[in-house]
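We name chains A, B, ... by the order of the sequence lines, and we start the count at 1 in each one. Because the structure is predicted, anything quoted here is derived from the model rather than measured.
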Number of protein chains: 2
Amino acid sequence: MHVAEVNHRLVASPVLRQLSVRSVMERLLLDGATSRASLSRATGLSKQTISEVMLVLTERGWVKESGMISGGVGRTAVRYEIDATAGFALGLDLGASTLRGVLADISGTVVAQHELAADGQGGQLPAQAKRLKQILLDAAKAPAERLQVATVATPGVMSPQGRLDLAPNLPGIGELDLAGQLRSALDCQVMFENDVNAAALGEYWEAGENADNHFAFVSIGTGVGLGILVDGQLLRGSSLAAGEIGYLPLGGDPFAPESLEQGALETSIGATGIVQRHQRLGGTAQTVRAIFDALEAGDRIAEETINETARIAALLVLTVTSVIDPDRVVFGGNIGGRPELVRRIGEWMPRVQKRPIRVEASRLGPRATVLGAAAMSLGQMHNSLFSTLEVPGRLGLPTLRQ
Amino acid sequence: MHVAEVNHRLVASPVLRQLSVRSVMERLLLDGATSRASLSRATGLSKQTISEVMLVLTERGWVKESGMISGGVGRTAVRYEIDATAGFALGLDLGASTLRGVLADISGTVVAQHELAADGQGGQLPAQAKRLKQILLDAAKAPAERLQVATVATPGVMSPQGRLDLAPNLPGIGELDLAGQLRSALDCQVMFENDVNAAALGEYWEAGENADNHFAFVSIGTGVGLGILVDGQLLRGSSLAAGEIGYLPLGGDPFAPESLEQGALETSIGATGIVQRHQRLGGTAQTVRAIFDALEAGDRIAEETINETARIAALLVLTVTSVIDPDRVVFGGNIGGRPELVRRIGEWMPRVQKRPIRVEASRLGPRATVLGAAAMSLGQMHNSLFSTLEVPGRLGLPTLRQ
DNA sequence: TTCATTCGTCATGCTTACGAACAAATAGGT
DNA sequence: ACCTATTTGTTCGTAAGCATGACGAATGAA
């Protein structure tokens, strides 16, 4: 089978066949390896159609035979499964101190992960990304041509001009044509996403079948951020600013000039805010990590600091549940992922909200963002390969005439 | 043409034809009357396919010829348009003092509207609804069999058992099997929706082509509520509680016991909260209406009351924009729709948020809810008639394996 | 060994859509 | 008055896709 064949999209196929291919691939992705007969039952398509579709898919290299199914009554069935090596999706997390990467194959299996210490200057970034990509491809023995999509998770916002704005932790990066340079360095379709949104998607993906499709992820670290999933889709907002919660009027006077600059909530429960609170209470710690260490050692001031932080975070949970009513709120980030903090947030909740709400700590920790980036690539790969068709789910409303 | 034919759904048609019918109907709904040739260009389907589809649609009664198009170069074209009398959608707004109704035809034109003073007791409601339905059908000369869907907008939440909960303004209504009784009284498919959500949809619908598909509607009246549209769809939340903003920690101490009972925000800017504020400031007014009257007369205490209310509402806008980033926030309800209030909210905004945000007063006023209910019925009618097909827009993610 | 069951293929027929050719109708120019 | 370019809409032939039902193959259980 030639690589050219593998890369060939199913664009030319007519509408009906595309729909059939799509439902078959969806079943294979969700259920794993199966026979044609059970695919026919699962999709409602006739056995005949399934056979035709599988013929096309094996010729194209997306699907391969994988042994037989025997043991039950009746004839043994030929088992088909997605050829996991047919396409790969890359996720990158562009952090302040590390550059993380994850490579997933088309079936959703993570086949390689690695991280590099970030060089001080942003100018090195595209070259580093290229190196990381190659390391991951080599580790997975994946040919470079089969890398279909990469997603780069970044702090701040990627401007339409391809420059990274509002990312003070990555000095000097705003001057680069980051999008263009990464596109040529990675040599495939490249997408960009906010790191908190990516982390939200990562946690959602990790939860797997238990995932409710309505989900909120709060990141507390140097700054604060919120990622929202509605019906399994990221909610980005009309100016891509959904989840920019630093300015929420919680934990400080929102009308104070510094709140307008830095944001009341961020000032209150961001890393520097927590350290300042500790110092106001008489503590001497210089970092949040030191405060958590003191907390573990039984220090009263640290206890009070974290408890007050949790109190304000509980108001944040109240705010999020009041507005979008997620099934649960997951906390992550350097600070937000701390179980000591999350437990205290949960303890505050009954005092501000009658309805119980699940408040949990991130299960993926620092890997949430990079896995979410890989998930975005994976979703994009599937949809561009098997879903070129534009079928809007619902009709829009006609113009109102009254 | 028989009514039985009109009511016949297109269920039996195979997939491909359904898709064709759908795109044709969508174009006709959005663009109005056109010729078959231009439909062919607009949909990408061939001219003969369009002709076949139109034949089916005219036979079924959904579409009819409507004169000729001449004047340009070339042969005159036969013009087709949706037969507006083929189906009707009903919206009802179940308010504390009035029962409003709107009847729209299949093309989205409001063909009748009327309201009845609500009888004191909730038990009369189904009979009143039936009467209102008949009044509207008579006014529009629409045969009852062609009423396809009705949506009833209610305060509170409709429980899965069909009882209306959390609607203190409608005493005694919680005991009724409201859903069942309305279904048999209205004698068609009946849906239920929260009144604030319906109002949000109404305002969105009214904005028409200028509507951005990302939109928030805040209602301030006896209580406070929020309706959110994401991509033109209502955001309901995982327990149908999205937009229940009464408990937001704004304008009062969220840890106070009365905040847990009544909600801090609702206590602060709900009707009674505003009156109490006025009295605390030394005023004597008993109703919000009186306060607004005094404001117009130049009263300083009223000015201060409303300004403080606007200040807290501005924090609400900040909260909503921080979380979901809508294109604009529209205020409605008895109090929220007041331009004097909305103007002051807009004046407070620059003090808490750098990014400008459009804050506007409802254009539909008290009719927003009933129009939104009609819009829901209309959408449901279109989708059940022309979109029986289940085609998910995007593929889901496979299980994560790592 | 027989039988019920399941898998997969083959042959057939139906529905749908498309392309090309063509007839019909019109405006505008000569 | 006539011709031409343009647009509309139909007819006819062709191809694609799917379903149906019959059939052979392979298997476990009685």
Side-chain angles (χ1 to χ4, degrees), chain A residues 10-25 27-28 31 33-60 63-81 386 388-389 391, chain B residues 10-25 27-28 33-60 63-81 386 388-391:
Chain A
L10 303 175
V11 177
S13 321
V15 180
L16 211 44
R17 177 49 62 89
Q18 273 192 58
L19 285 175
S20 304
V21 165
R22 225 182 80 143
S23 27
V24 167
M25 286 303 288
R27 284 256 70 83
L28 284 175
D31 302 346
T34 26
S35 70
R36 279 172 286 183
S38 53
L39 277 174
S40 165
R41 285 189 298 268
T43 60
L45 299 168
S46 69
K47 289 190 289 181
Q48 165 73 0
T49 304
I50 298 290
S51 283
E52 278 179 52
V53 168
M54 299 312 269
L55 192 67
V56 174
L57 284 173
T58 44
E59 272 177 6
R60 296 273 162 90
V63 156
K64 63 177 183 193
E65 294 186 15
S66 66
M68 299 296 212
I69 300 172
S70 59
V73 178
R75 174 175 166 181
T76 40
V78 181
R79 192 172 63 172
Y80 286 82
E81 68 178 12
F386 308 117
T388 52
L389 199 58
V391 185
Chain B
L10 302 175
V11 176
S13 323
V15 179
L16 211 43
R17 176 51 61 91
Q18 274 192 56
L19 285 174
S20 304
V21 165
R22 223 182 84 142
S23 25
V24 168
M25 285 304 289
R27 286 255 69 84
L28 283 175
T34 24
S35 72
R36 280 171 287 182
S38 52
L39 277 174
S40 166
R41 284 188 297 269
T43 61
L45 298 169
S46 68
K47 286 192 289 181
Q48 328 71 273
T49 302
I50 298 291
S51 284
E52 278 180 55
V53 168
M54 301 310 270
L55 193 66
V56 173
L57 285 173
T58 43
E59 274 177 4
R60 295 275 162 90
V63 156
K64 64 179 184 192
E65 294 187 16
S66 67
M68 299 296 214
I69 302 172
S70 60
V73 178
R75 174 175 165 180
T76 39
V78 180
R79 193 172 61 172
Y80 286 81
E81 70 179 11
F386 307 116
T388 52
L389 199 58
E390 278 292 326
V391 185

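Defined by atom type and a distance below 3.5 Å, a donor-acceptor pair is missing between the side-chain atoms of B:Gln48 and B:Glu52.
Shortest non-hydrogen contact noted between A:Ser23 and A:Thr43 is O-CG2, 4.1 Å.
Distance CZ (A:Arg36) to C1' (D:dA19): 17 Å, rounded to an integer number of Å. Atoms CE (B:Met68) and C1' (C:dA27) sit 16 Å apart, rounded to a whole Å. If you take CD of A:Glu65 and P of C:dC7, they are 16 Å apart, rounded to a whole angstrom. Whole-Å rounding puts the A:Lys47 NZ to D:dT20 P distance at 12 Å. Between the C1' atom of D:dT20 and the CD atom of A:Glu52 lies a distance of 14 Å, rounded to the nearest Å. Rounded to an integer number of Å, the gap from A:Met54 CE to D:dG17 P is 17 Å.
For a distance-only test at 3.5 Å, the side chain of B:Arg75 fails to qualify as a donor-acceptor partner of the base of C:dT26. With hydrogens and angles left out, the side chain of A:Gln48 and the base of C:dG8 share no donor-acceptor pair within 3.5 Å.
Remark: of the listed residues A:Val56, A:Leu57, A:Ile50, A:Leu57 is the sole one forming a side-chain contact (heavy atoms from CB on, under 4.5 Å) with A:Val53.
At the phosphate of D:dG17, neither OP1 nor OP2 sits under 4.0 Å from any side-chain N or O atom of A:Thr49. Distances shown here put a side-chain N or O of B:Arg41 below 4.0 Å from the OP1 or OP2 atom of D:dT8.
Looking at the side chain of B:Leu16, the nearest of the listed nucleotides C:dT16, D:dC18, C:dT9 is C:dT16. Among the nucleotides D:dA19, C:dG8, D:dT8, the one closest to the side chain of A:Ser46 is D:dA19.
Of the two residues near DNA chain D, B:Thr76 and A:Thr76, the one whose nearest nucleotide lies more 5' is B:Thr76.
Residue-level contact check: A:Ser51 touches the backbone only, with heavy atoms under 4.0 Å from sugar-phosphate atoms and none from bases. Among the protein residues, A:Leu45 comes within range of the sugar-phosphate backbone only, with heavy atoms under 4.0 Å from sugar or phosphate atoms but none that close to a base. B:Ser20 comes within 4.0 angstrom of sugar-phosphate atoms only, judged by non-hydrogen atoms across all strands, and of no base. No engagement by B:Arg79 is indicated, since no non-hydrogen atom pair under 4.0 Å with the nucleic acid exists.
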